[in-house]
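Working notes, structure below.
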Amino acid sequence: MHMNSAPHLLAEDRPEYERILDDALRHAHDRPDLAAVGERLNAVQLRTMALDATELITSTAATEYENYVQAREELRGSAEGEDQDGGSGIARPHQSGAGIGAVVTVLAPVLAGTAAFIFLLAGYLLRLLDPPPSFASTMVSAGWFFAAVTAAAILAAAVGLLITALRNGPDSQPVDDDEDELPEDVARAREAWRHALLERGILPFLRDALADPEAGPAARTPLPSANRIPKVGYSRPDFASPDDGPAAGPRPTFTSPDFTSPDFGGPEHELD
């Protein structure tokens, strides 16, 4: 796998990034350059800022991360190749299912226990008869025999489960979950990425965040790309008073209508 540009942090590696960040914040007071944690910005605020700038921080260790991803993919590819018959490309039959041994191990205690209960119950009930049948003692003996088989089957099942857990437990873990199980080249590439991420990415970011007086909840927007400290929070909107607006024009005025009473004449004024 070849990467022409800085690789993005894969989802499976993000928990590792967060662990390195949390460890750096947990031991911040052991470093003189991070002793100011908690004075203006606390660990929670710094962690939030660092998570928001994950891509920016991880790009500082892009080369080491690319080498680590390549080494890990090669390891996984070789592990898949070993599942082929001699590397000939013909896959071995995939064995799935519990298998006859597991089925017998599970069913034997159940069947034997059921048989023991039935024979013992029937045998002791027959013994209550007067006179008891001759086969009553035989059924009781058979019941105790199946009871012994039940105990032995339970013990064998417990031992089998323990052996299976010990044999398959380590193989069920991912190849990169345990550093001791990783090949030397993959472990070395992983450690190089961790060191570069911490020394060139996380620690400088935290130092810059603590030293930048504008970083913190009071800032509204991120700084230009030249500055690596993202801003979080929002500023209060600036509302202007009415006096700051443009001069108000003359207001329209209204006058009340002038109503006059009708001019009625006397009786001498007749309508034509």
query: Going through the checks in order, is the side-chain contact (heavy atoms from CB on, under 4.5 Å) test met by Met49 and Leu41?
result: CA-CA 10 Å; Met49 295 169 64; Leu41 294 173; 4.2 Å; yes

I'd like to check [X] versus [Y] (side-chain heavy atoms, cut-off strictly below 4.5 Å). Are they in contact?
X: Leu162; Y: Leu166; answer: yes
X: Trp193; Y: Val69; answer: no
X: Tyr65; Y: Thr58; answer: no
X: Leu21; Y: Ile57; answer: no
X: Tyr17; Y: Leu51; answer: yes
X: Glu55; Y: Leu9; answer: no
X: Arg207; Y: Leu34; answer: yes

- line: Sorted by chain and number, sequence neighbours left out, side chain to side chain donor-acceptor pair (under 3.5 Å) with Glu18 holds for Arg14

- request: Please name all residues satisfying side chain to side chain donor-acceptor pair (under 3.5 Å) with Asp23, sequence neighbours left out, ordered by chain then number.
  value: Arg26, His27

Please identify each residue that fulfils side chain to side chain contact (heavy atoms under 4.5 Å, CB included) with [X], with sequence neighbours left out.
X: Glu199; answer: Arg31, His195, Leu203
X: Arg188; answer: Glu184, Asp185
X: Leu107; answer: Val103, Leu111
X: Leu129; answer: Leu126, Pro133

message: I'd like to know if Glu64 and Arg190 make a salt bridge, using a cut-off of under 4.0 Å between side-chain N and carboxylate O.
response: no

Lys/Arg-Asp/Glu bridge criterion (N-O < 4.0 Å) met for Asp52, Arg47: no

field: Single-linkage hydrophobic cluster Leu10~Ile20, side-chain heavy atoms < 4.5 angstrom
entry: yes

task: Could you walk me through whether Asp13 and Arg72 pass salt bridge (charged side-chain N to carboxylate O under 4.0 Å, His left out), step by step?
output: CA-CA 12 Å; Asp13 295 320; Arg72 184 174 60 189; 2.7 Å; yes

query: Do any pairs count as a side-chain hydrogen bond (donor to acceptor under 3.5 Å, both in side chains) and have a residue in residues 109-120, sequence neighbours left out, and if so which ones?
result: none

Could you pull out the closest heavy-atom pair between [X] and [Y], with the gap in Å?
X: Ala53; Y: Phe205; result: CB-CE1, 3.7 Å
X: Arg127; Y: Val140; result: NE-CG2, 4.0 Å
X: Leu25; Y: Ala43; result: CD1-O, 3.7 Å
X: Ala122; Y: Met139; result: CB-CE, 3.4 Å
X: Ala71; Y: Val186; result: O-CG2, 3.6 Å

query: Does Gln45 offer a backbone N or O that forms a donor-acceptor pair with the side chain of Asn42 under 3.5 Å?
result: yes

message: I need the Glu73 CD to Arg76 CZ distance, nearest 0.5 Å.
response: 5.5 Å

Residues 141-154, side-chain donor-acceptor partners within the protein, below 3.5 Å, at least two apart:
from: Ser141; atom 1: OG; to: Ser137; atom 2: O; distance (Å): 3.0
from: Trp144; atom 1: NE1; to: Tyr124; atom 2: OH; distance (Å): 3.4
from: Thr150; atom 1: OG1; to: Ala112; atom 2: O; distance (Å): 3.3
from: Thr150; atom 1: OG1; to: Gly113; atom 2: N; distance (Å): 2.8
from: Thr150; atom 1: OG1; to: Phe146; atom 2: O; distance (Å): 2.8

message: Between Ile202 and Thr60, does the side-chain contact (heavy atoms from CB on, under 4.5 Å) criterion hold? Intermediate values first, please.
response: CA-CA 9 Å; Ile202 294 177; Thr60 60; over 6 Å; no

